2 protein chains.
Amino acid sequence: MTPEPHHPSRLDLREACIAEATAIIESRGIESLSLREVARRLGVSHQAPYRHFPSRDHVLAEVIRRSFAEFAAALNAPPKTDNIGADALAMGMAYVNFALSRPLQYRLIFGGALPDPERHGEMLQGARAAFGVLQTMLARIFTERGQPFDQEAINREALFIWSSLHGIVSLMRCDALDTLELSPETRNGFAMIALQRVGIALGVAPSLTPGPHSKEMER
Amino acid sequence: MTPEPHHPSRLDLREACIAEATAIIESRGIESLSLREVARRLGVSHQAPYRHFPSRDHVLAEVIRRSFAEFAAALNAPPKTDNIGADALAMGMAYVNFALSRPLQYRLIFGGALPDPERHGEMLQGARAAFGVLQTMLARIFTERGQPFDQEAINREALFIWSSLHGIVSLMRCDALDTLELSPETRNGFAMIALQRVGIALGVAPSLTPGPHSKEMER
DNA sequence: TACATGAGTTGACACTGTCTACAAAGCTAT
DNA sequence: ATAGCTTTGTAGACAGTGTCAACTCATGTA
């Protein structure tokens with residue numbers, strides 16, 4: 001067992017590439033990710049990453065795959081209580097918080113600039129996981145209401161929730177908003193208002209104090 | 001007046017560049033736009049476009065500016081009636097139809113991959129126009145209801161509508177949806193259901209027949 | 001010992017955006 | 001008319017990129 005066998009360890013470079021690529025994407029966005037810079041930062045030749053990935057898009061797909069998984073985990077992170085309305089709201093806020101605290105990662109997932117999903121199917125397995133989190137939550141809501149199990153109805157609700165949340169966070173990060181001369185209250189309180197409306201549309205009572213903007217959104 | 005004065009006409013090349021860039025973006029996406037290919041297609045040298053644009057991002061900004069304007073016009077296109085609920089729904093469907101029939105253009109506008117808006121402020125003037133369309137519609141709704149004019153309330157509603165619509169179309173174009181094993185009814189009817197819910201949240205009665213999926217969404 | 005394999009290196013190619021220097025028109029003022 | 005200046009386009013170069021091919025070299029195995 002040599003102390004420094006030239007190649008530090010078998011899979012280190014692969015992991016290091018992914019880590020470095022993630023760092024670059026998080027700090028400067030997806031379009032300025034270059035495998036050559038990854039290699040440069042790691043102190044290896046510009047071709048070394050190609051020993052572990054067939055192409056740049058495969059690196060990207062792997063980063064995206066992990067981002068999806070992190071996202072699904074974040075949705076599931078809030079501890080569950082016996083108040084289904086509170087749990088649903090907590091999940092909504094977890095969604096919003098993920099999107100706002102990791103904007104470039106969120107855009108990576110939902111920005112629509114994915115490498116051809118035909119060729120990178122495994123990339124989207126995390127998407128299924130995230131959707132599953134939603135479905136589970138809705139199944140719980142349905143059950144507690146005494147409604148019969150109806151997968152189609154659950155899927156419809158899940159799509160509605162997903163689209164609402166995505167719309168909310170997209171708008172909050174939208175450059176165009178800056179040019180609209182909105183009052184700070186309107187801008188900052190918007191997510192909370194929208195979340196409450198989604199809750200109303202779903203029939204889960206938003207158990208919030210009726211204060212004007214009871215709890216300011218972070219950031 | 002030479003019949004062929006070498007340079008066909010003064011501003012032709014600038015317009016031709018924009019047209020060609022738009023065509024490339026519409027057919028192959030924003031990331032494969034290259035000024036060199038624009039020049040090549042137009043049969044001029046690779047530097048010719050730089051006589052009319054300081055950089056690639058300026059071409060992009062101009063294409064985006066026009067896309068925004070087209071978008072605002074599309075929102076305003078449906079003829080107005082005396083049924084405010086129908087008008088609002090028509091606008092919502094105009095939004096959805098624009099996004100679905102010109103997906104790459106829509107992504108260009110709201111995808112979040114804009115060139116630095118600090119340096120390209122004029123690019124977003126169309127965004128203000130589009131938001132203004134929404135505000136006007138809401139002011140009309142408020143007036144017909146006899147509610148007092150309240151710009152903040154209007155802005156809140158406008159943001160809510162905008163985010164809902166954006167969420168809807170984003171989801172309909174989302175690659176991740178393809179992996180989710182949804183029934184065709186759920187997928188295709190989703191936009192209509194979501195639009196109706198937005199209408200309900202706004203209190204504009206969706207004057208639709210209660211048929212299960214009364215009018216299939218196009219595409 | 002001979003050989004095959006995996007990991008990394010080097011060099012090349014075509015492509016990109018952008019900088020600089022150049023050429024040929026047109027306009028304007030003397 | 002002629003000299004100069006601006007506009008429009010060209011040509012060449014440079015650094016950066018993804019990717020292909022050929023190379024080294026340590027390792028594992030027959």
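Order of the sequence lines fixes the chain letters, A, B, ..., with proteins taken first and strands second; residue numbering starts at 1 for each chain. Worth saying up front: this structure is predicted, and the values here are computed from it rather than measured.
- In this view, B:E37 and B:R28, B:R41 satisfy the side-chain hydrogen bond (donor to acceptor under 3.5 Å, both in side chains) rule, not counting sequence neighbours.
- In this entry the distance linking CD1 of A:I24 with C1' of D:dT17 reads 13 Å, nearest Å.
- D:dT10 atom P lies 11 Å from atom CZ of B:R51, rounded to whole Å.
- Rounding to whole angstrom units, CZ of residue A:F53 and P of C:dA7 are separated by 12 Å.
- Following rounding to the nearest Å, A:L13 (CG) and C:dG6 (C1') show an atom-to-atom distance of 13 Å.
- The CG-P distance, from B:L35 to C:dC15, rounds to 16 Å in whole Å.
- When only modelled atom types and interatomic distance are considered, A:H166 and A:S163 share no side-chain donor-acceptor pair under 3.5 Å.
- For a distance-only test at 3.5 Å, the side chain of B:R56 fails to qualify as a donor-acceptor partner of the base of C:dG17.
- Across the interface with DNA chain C, nearest-nucleotide mapping of A:V44 and B:D57 shows A:V44 to be the residue nearer the 5′ end.
- Phosphate proximity of C:dT16 to B:S34: present, with a side-chain N or O under 4.0 Å from OP1 or OP2.
- Of all heavy-atom pairs between B:L195 and B:I168, the closest is N-CD1, 4.0 Å.
- OP1 or OP2 of C:dG8 has at least one side-chain nitrogen or oxygen of A:H52 nearer than 4.0 Å.
- Pairs engaging residues 186-202 of chain B under the salt bridge (charged side-chain N to carboxylate O under 4.0 Å, His left out) rule: A:E157-B:R197, B:D178-B:R187 [sequence neighbours left out].
- Regarding B:R40, its CZ atom lies at a distance of 16 Å from the C1' atom of D:dT10, rounded to whole Å.
- Between A:I30 atom CD1 and D:dT17 atom P the separation is 16 Å, expressed in whole Å.
- Rounded to the nearest 0.5 Å, atoms CE (B:M93) and CG (B:L100) are 10.5 Å apart.
- With hydrogens and angles ignored, a donor-acceptor pair closer than 3.5 Å exists between the side chain of B:R36 and the base of C:dT18.
- At a cut-off of 3.5 angstrom, counting only N and O atoms as typed in the model, there is a donor on one side and an acceptor on the other between the side-chain of B:H46 and the base of D:dG12.
- When rounded to the nearest whole Å, the span between CD of B:E31 and P of D:dG18 equals 14 Å.
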